There are 2 protein chains.
Amino acid sequence: MATIDDVAKLAGVSKGTVSNVFSKKRPIGPEATKRVFEAARQLGYYPNHIARSLAIRKTMIAGLRMPIPKEGMMSQFEIQMINGVLNECAKHGFRVLLDTLPEHDDPNQFTVDPVDGVIMLNPRREDLRIEMYRQIGMPLVLVGRPDPMDPGVSYVDNDNAELACEVGRYLLSIGHESILFLNASSDMTVAFDRERGLAAALAEQGMPLPPEQVMNYSRELHRSPTEYGYRAVLETMKSRSYTAVVADTDRVALGVLRAARELGLNVPDDLSVIALSNDARLAQEMTPPLTCVELSAEMLGAQAAQILMEKMENADVVRQHTVRAKLVFRESCKKRPR
Amino acid sequence: MATIDDVAKLAGVSKGTVSNVFSKKRPIGPEATKRVFEAARQLGYYPNHIARSLAIRKTMIAGLRMPIPKEGMMSQFEIQMINGVLNECAKHGFRVLLDTLPEHDDPNQFTVDPVDGVIMLNPRREDLRIEMYRQIGMPLVLVGRPDPMDPGVSYVDNDNAELACEVGRYLLSIGHESILFLNASSDMTVAFDRERGLAAALAEQGMPLPPEQVMNYSRELHRSPTEYGYRAVLETMKSRSYTAVVADTDRVALGVLRAARELGLNVPDDLSVIALSNDARLAQEMTPPLTCVELSAEMLGAQAAQILMEKMENADVVRQHTVRAKLVFRESCKKRPR
DNA sequence: CTGAAAGCGCTTACAG
DNA sequence: CTGAAAGCGCTTACAG
């Protein structure tokens with residue numbers, strides 16, 4: 001691979017001159033410019049982005065850390081999210097380094113990536129990575145709020161407590177009082193917020209949300225989100241009978257629907273089901289079409305990217321945006337006769 | 001930002017030692033190791049990926065060059081494609097640099113990206129970039145065949161001529177002889193191959209494919225693929241009447257359907273429509289559900305990534321894979337009464 | 001097991 | 001307008 005040295009030699013100029021011909025950072029005479037381009041053409045020389053990045057400490061690349069399912073497709077949420085990030089970054093001339101590798105927060109494994117800033121999905125509780133990015137001065141924007149809250153870190157998020165609360169109110173308003181909540185994994189801050197929100201809705205009616213009405217997904221226990229929904233309903237419905245279930249995602253709801261069928265329960269007549277995410281495709285294809293919550297993933301992604309661009313200009317800015325979620329009524333929930 | 005020098009100084013060792021503690025390339029005594037980790041922790045030091053890449057000439061990143069629509073969502077094809085690439089790369093510990101920036105083939109703009117190899121979508125005719133990658137010795141795999149064909153470049157692709165031929169045969173078999181083909185942009189090799197394929201099917205029955213029956217998408221002329229399908233049908237149906245239209249994509253077909261409605265044409269009774277791509281969501285939601293061709297984008301992406309991994313091991317390997325496309329029958333095509 | 005030094009391929013004050 | 005040289009933060013023979 002030809003380097004800047006080879007070109008300089010062949011063109012009879014210094015490396016500095018070659019550098020400036022390509023970067024146009026300072027003017028180079030037409031004679032020299034021509035000789036440089038000609039030499040570069042002859043040698044098949046193209047500037048090395050890595051060497052350049054090391055020297056100028058800038059890559060024009062944004063990092064996107066987001067685990068995706070090993071097998072099977074990304075969810076609609078993930079896709080929309082990526083789309084939002086990609087579009088916003090492209091507008092600013094940025095490319096995106098997609099890091100879907102399993103997360104490690106072993107500090108001795110952490111490395112300073114070839115990016116000018118990073119967007120990180122689903123921070124965990126006490127996520128060590130946040131502190132590491134701070135230490136190296138890497139601009140960071142979370143999708144999902146930090147936990148514990150930190151006035152110094154930027155993020156965009158739905159108001160998960162509020163969203164779950166609305167769902168709770170809705171279910172209560174149509175007569176459901178015994179609700180099973182198939183929540184996300186307990187180490188996710190969304191799980192915590194949503195449980196709190198649902199509890200709040202019940203509290204408004206003077207009702208508790210007992211622990212046995214809330215389950216958490218667990219990668220060890222459940223083979224897949226769908227399996228989680230399926231097993232959870234099958235098992236809990238033995239001992240106790242609920243009239244409504246709030247599923248973490250459409251996929252979980254898919255399992256719930258299957259279990260209901262096996263138990264001879266009609267949805268929505270015997271059981272109302274609602275999901276806290278909206279995979280338009282999945283939700284519409286289900287029988288019945290699933291009532292759920294639109295999280296506006298594309299907006300989340302776009303806003304995260306936009307904030308990141310701001311932070312790269314000025315490291316001091318901190319933005320904490322909330323994107324409003326809204327209920328999408330389809331046919332899986334129904335008023336319960338008293 | 002703390003560097004390896006700072007750590008070395010604080011730990012009282014040489015940079016080489018620090019380097020080896022982190023990379024484990026050669027054994028370092030337990031004493032020194034402890035001091036190094038402790039110093040690193042104190043300083044908030046994390047190895048710099050860029051500097052490392054420059055030194056070892058390896059990034060563990062794969063480049064994916066793929067233009068995506070500025071506004072609006074990626075198509076199902078693009079999403080599946082990315083998903084395939086991402087999963088396969090992750091398996092090998094690679095991350096992916098998504099380059100969706102507009103393509104330039106000005107050689108003076110080209111740069112050697114921080115990647116160990118690249119997957120490039122939709123190569124153009126005489127695509128200069130192919131030659132540039134060759135010159136710098138960067139492993140390259142195309143999605144879509146090179147044009148002109150080149151026994152030295154690796155690619156995965158559908159057999160577009162074959163696929164269009166099958167579509168042609170199918171349409172002929174159900175009685176359609178006057179077919180309008182809304183092809184892709186004429187500078188894409190797929191457009192060429194597909195036109196050839198459709199012509200071949202007609203030729204089998206001794207029929208020609210006259211130029212006026214084939215149109216090409218053009219970014220300048222058409223505001224969007226859907227608009228393209230809409231205008232094309234509206235305009236051509238004035239002078240000549242076809243009984244079937246082959247649309248480049250589901251989106252184009254969407255426009256065709258709209259135009260047909262406005263012209264008072266019933267699909268499929270008066271007009272059969274088929275698309276050369278399968279966005280499951282779109283296609284199923286259309287009225288009527290669209291008959292189309294499944295290109296297996298995820299497989300294309302996964303295979304491209306796999307071949308790239310091979311090439312990075314051994315630069316000499318060349319693979320040219322064909323992924324079989326297949327017809328998906330829905331309800332937009334119908335036998336034409338003679 | 002460890003260190004000193006050259007090297008990866010660029011950029012950029014500094015001097016002319 | 002151009003060059004010589006130090007520097008970006010790592011790695012890796014070479015020598016001990």
Side-chain angles (χ1 to χ4, degrees), chain A residues 1-37 39-40 43-61 108 110-116 135-138, chain B residues 1-37 39-40 43-61 108 110-116 135-138:
Chain A
M1 203 187 71
T3 73
I4 202 170
D5 269 301
D6 304 326
V7 177
K9 223 156 283 168
L10 183 58
V13 298
S14 73
K15 310 196 300 181
T17 299
V18 176
S19 173
N20 285 300
V21 164
F22 279 94
S23 69
K24 301 186 176 62
K25 290 224 177 159
R26 52 185 206 187
I28 297 294
E31 265 311 301
T33 300
K34 211 179 64 189
R35 286 214 311 283
V36 166
F37 277 139
L43 296 170
Y45 167 78
Y46 306 98
N48 184 310
H49 187 277
I50 299 183
R52 177 155 214 276
S53 300
L54 182 60
I56 68 177
R57 352 203 56 205
K58 203 162 177 20
T59 62
M60 295 300 279
I61 298 175
N108 296 330
F110 192 83
T111 105
V112 180
D113 278 335
V115 298
D116 297 335
Q135 289 183 51
I136 60 176
M138 178 74 76
Chain B
M1 205 187 68
T3 73
I4 202 171
D5 269 301
D6 304 325
V7 177
K9 224 155 284 169
L10 184 58
V13 300
S14 74
K15 310 196 299 181
T17 298
V18 177
S19 172
N20 284 299
V21 164
F22 280 93
S23 69
K24 303 186 175 61
K25 291 224 175 158
R26 51 184 207 190
I28 298 293
E31 265 310 302
T33 300
K34 211 178 64 186
R35 287 213 310 283
V36 165
F37 276 141
L43 297 170
Y45 166 79
Y46 306 98
N48 184 310
H49 187 278
I50 298 183
R52 177 156 214 275
S53 300
L54 182 60
I56 68 178
R57 352 202 59 205
K58 203 161 177 17
T59 63
M60 295 299 279
I61 298 175
N108 296 328
F110 192 84
T111 105
V112 180
D113 278 336
V115 298
D116 297 335
Q135 288 183 54
I136 61 177
M138 177 75 76

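Quick caveat, the model's predicted, so the values are computed rather than measured. Atom set for the values below is all heavy atoms of this structure, side chains included, hydrogens, waters and symmetry mates excluded. Protein chains get the first letters and strands the later ones, always in sequence-line order, with residue 1 at the start of each.
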### Message
Check for me whether the distance between the ring centres of Phe22(B) and Phe37(B) falls short of 6.0 Å.
### Response
yes
### Summary
Applied to residues 48-61 of chain A, the salt bridge (charged side-chain N to carboxylate O under 4.0 Å, His left out) test, sequence neighbours excluded, yields Lys58(A)-Asp116(A)
#### Entry: Minimum-distance pair of heavy atoms, taken over all atoms of Thr33(B) and Ile28(B)
OG1-O, 3.3 Å
## Note on the structure
Across every strand shown, the nucleotide meeting Watson-Crick or G-U wobble geometry with dA4(C) (both distances under 3.5 Å) is none
### Task
Summarise how protein sits on nucleotides 6-16 of chain C as a single string, 5' to 3': B when a protein heavy atom is under 4.0 Å from the base, S for sugar-phosphate-only contact, - for no contact.
-BBBBBBBB--
#### Entry: Spacing of CE belonging to Met138(B) relative to CG belonging to Asp113(B), to within rounding of 0.5 Å
6.5 Å
### Summary
Of all heavy-atom pairs linking Tyr46(A) and Thr111(B), the shortest is CB-CA, 4.5 Å
### Message
Would you measure the distance from the C1' atom in dT12(D) across to the matching atom in dG16(D) and give it in whole Å?
### Response
16 Å
### Mate of dA13(C) where both pairing distances stay under 3.5 Å, Watson-Crick or G-U
none
